[in-house]
Amino acid sequence: MIKVKRLGYLLCLIGIATALGHPRETASEYVAPSEAGPRGKAPKMQVQLLNPGKPTKQYAVIFYQGDEAFSGLLEFADKYHVTSAHFTAIGALNRATLGWFDPKRKMYKKISIDGQHEVIGMSGDIALFQGKPVVHTHMVVGNPDGTTRAGHVLAAYVSPTLEVMVIVDPIAMKKRLDPTTDLTLIDPALK
């Protein structure tokens with residue numbers, strides 16, 4: 001009987017040590033796709049059409065110190081009536097929240113980026129969901145030691161600039177809600 005109690009105490013202590021050694025992830029470390037939209041502003045953003053009169057338009061969308069780029073891209077898409085586009089970008093930022101999609105939870109695990117980082121590459125697309133433009137973008141950032149971090153962009157605060165080259169296509173792309181993942185996915189069959 002004493003050996004059973006000791007084994008029970010030992011298993012309890014192992015459980016406590018394991019819990020302390022591997023902290024549990026909290027709900028605040030995750031965000032649902034429907035709540036992963038932009039929250040900031042981009043008041044310094046400037047836009048220049050690079051090829052007037054062409055059916056496929058090319059824009060330079062330039063962000064400056066303090067602009068939140070994800071929000072700004074959505075603002076750009078609304079203002080310029082973008083229904084289908086793809087883009088690439090380079091620049092720098094001083095704060096961001098990226099995400100890694102966890103298919104079991106159907107949520108993004110947040111990846112916090114603090115301090116000055118180079119934007120090694122950012123790419124994405126714009127398509128319509130329920131008649132409104134949706135921005136989908138991923139980013140790779142360079143740490144001061146040359147290592148990188150990457151993920152789905154939830155927020156990106158520019159410092160000092162982010163240069164986004166956008167190609168707007170003449171045909172609209174549409175998205176649908178995928179019930180398996182709770183993500184909005186491009187569906188070429190939608191007209």
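If you're wondering where the values come from, they're calculated on a predicted model, not measured in any experiment.
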A.B. asks: So, taking the atom named CG in L73 and the one named OG in S71, what distance separates them when rounded to the nearest 0.5 Å?
C.D. replies: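 The distance works out to 9.0 Å.
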
A.B. asks: Which atom names give the shortest non-hydrogen contact between L74 and P133, and what distance separates them?
C.D. replies: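 For L74 versus P133, the nearest heavy atoms are CD1-O, 3.2 Å.
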
A.B. asks: Are M45 and E75 packed together at the side-chain level, in the sense that at least one heavy-atom pair is separated by less than 4.5 angstrom?
C.D. replies: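 Yes, at least one pair of side-chain atoms sits under 4.5 Å.
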
A.B. asks: Using the side chain to side chain contact (heavy atoms under 4.5 Å, CB included) rule, take V82 and S84 through it: C-alpha gap first, then chi angles, then the decisive distance, then the call.
C.D. replies: CA-CA 6 Å; V82 175; S84 174; 5.9 Å; no

A.B. asks: What's the separation between atom NE2 in H136 and atom CG in D125, rounded to the nearest 0.5 Å?
C.D. replies: 6.5 Å

A.B. asks: Does any pair with a residue in residues 43-63 pass ring pair (Phe, Tyr, Trp, His ring centres under 6.0 Å), and if so which ones, sequence neighbours excluded?
C.D. replies: Y59-F76, Y59-Y80

A.B. asks: What pair of heavy atoms forms the shortest contact from G91 to E118, and how long is it?
C.D. replies: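 Between these two residues, the closest heavy atoms are O-OE1, 3.4 Å.
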
A.B. asks: Heavy-atom distance under 4.5 Å between the side chains of L93 and V141, does that happen here?
C.D. replies: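 They are in contact (side-chain heavy atoms under 4.5 Å apart), so the answer is yes.
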
A.B. asks: Which heavy atom of I167 sits nearest a heavy atom of Q58, and at what distance?
C.D. replies: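 Taking I167 first and Q58 second, the nearest heavy atoms are CG1-CG, 4.1 Å.
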
A.B. asks: Tell me whether L50 at atom CG has more than 12 heavy atoms from other residues, nucleotides or ligands lying less than 6.0 Å away.
C.D. replies: yes

A.B. asks: Is the closest side-chain heavy-atom distance between L162 and M122 below 4.5 Å?
C.D. replies: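 In short, these two side chains touch, coming nearer than 4.5 Å.
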
A.B. asks: Looking at every non-hydrogen atom in both residues, tell me the closest pair between K175 and F129 and how far apart they are.
C.D. replies: O-CD1, 3.5 Å

A.B. asks: Might you work through the side-chain hydrogen bond (donor to acceptor under 3.5 Å, both in side chains) test for N143 and H117, ending with a clear yes or no?
C.D. replies: CA-CA 6 Å; N143 296 316; H117 287 73; 2.8 Å; yes

A.B. asks: Evaluate the salt bridge (charged side-chain N to carboxylate O under 4.0 Å, His left out) criterion for residues R176 and D187: first the C-alpha distance (whole Å), next the side-chain angles of each, then the deciding distance (0.1 Å), finally the verdict.
C.D. replies: CA-CA 6 Å; R176 64 170 172 76; D187 187 344; 3.2 Å; yes

A.B. asks: Applying ring pair (Phe, Tyr, Trp, His ring centres under 6.0 Å) as the test, list every pair that has at least one member in residues 83-115; sequence neighbours left out.
C.D. replies: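 For residues 83-115, and leaving out neighbouring residues, the ring pair (Phe, Tyr, Trp, His ring centres under 6.0 Å) pairs sorted by first residue read F101-Y108, Y108-H152.
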
A.B. asks: Minimum heavy-atom separation for R149 to I113, with atom names?
C.D. replies: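 Heavy atoms only, the tightest pair is NH1-CD1, 3.6 Å.
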
A.B. asks: A side-chain contact here means heavy atoms from C-beta on lying under 4.5 Å apart; do Q46 and K44 qualify?
C.D. replies: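 Q46 does not reach K44 side chain to side chain.
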
A.B. asks: Hey, are E29 and K109 close enough for a salt bridge, meaning a charged N less than 4.0 Å from a carboxylate O?
C.D. replies: yes

A.B. asks: Determine the minimum heavy-atom distance between K106 and D182, stating which atoms define it.
C.D. replies: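 The pair with the smallest heavy-atom distance is CD-OD2, 3.4 Å.
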
A.B. asks: Roughly how far apart are I90 CD1 and S123 OG, rounded to 0.5 Å?
C.D. replies: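 It comes to 13.0 Å.
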
A.B. asks: So, does D169 use its side chain to make a donor-acceptor pair with the main chain of I171 at under 3.5 Å?
C.D. replies: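 Not confirmed, D169 side chain does not pair with I171 backbone.
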
A.B. asks: Got a sec: does the NZ of K57 have more than 12 other heavy atoms crowding it under 6.0 Å?
C.D. replies: no

A.B. asks: Are the side chains of V153 and L98 in touch, meaning some heavy atoms are under 4.5 Å apart?
C.D. replies: yes

A.B. asks: How about T56 and V168: do any of their side-chain heavy atoms sit closer than 4.5 Å?
C.D. replies: no

A.B. asks: Please step through side chain to side chain contact (heavy atoms under 4.5 Å, CB included) for the pair K110 and V31, ending with a clear verdict.
C.D. replies: CA-CA 7 Å; K110 293 179 186 177; V31 63; 4.0 Å; yes

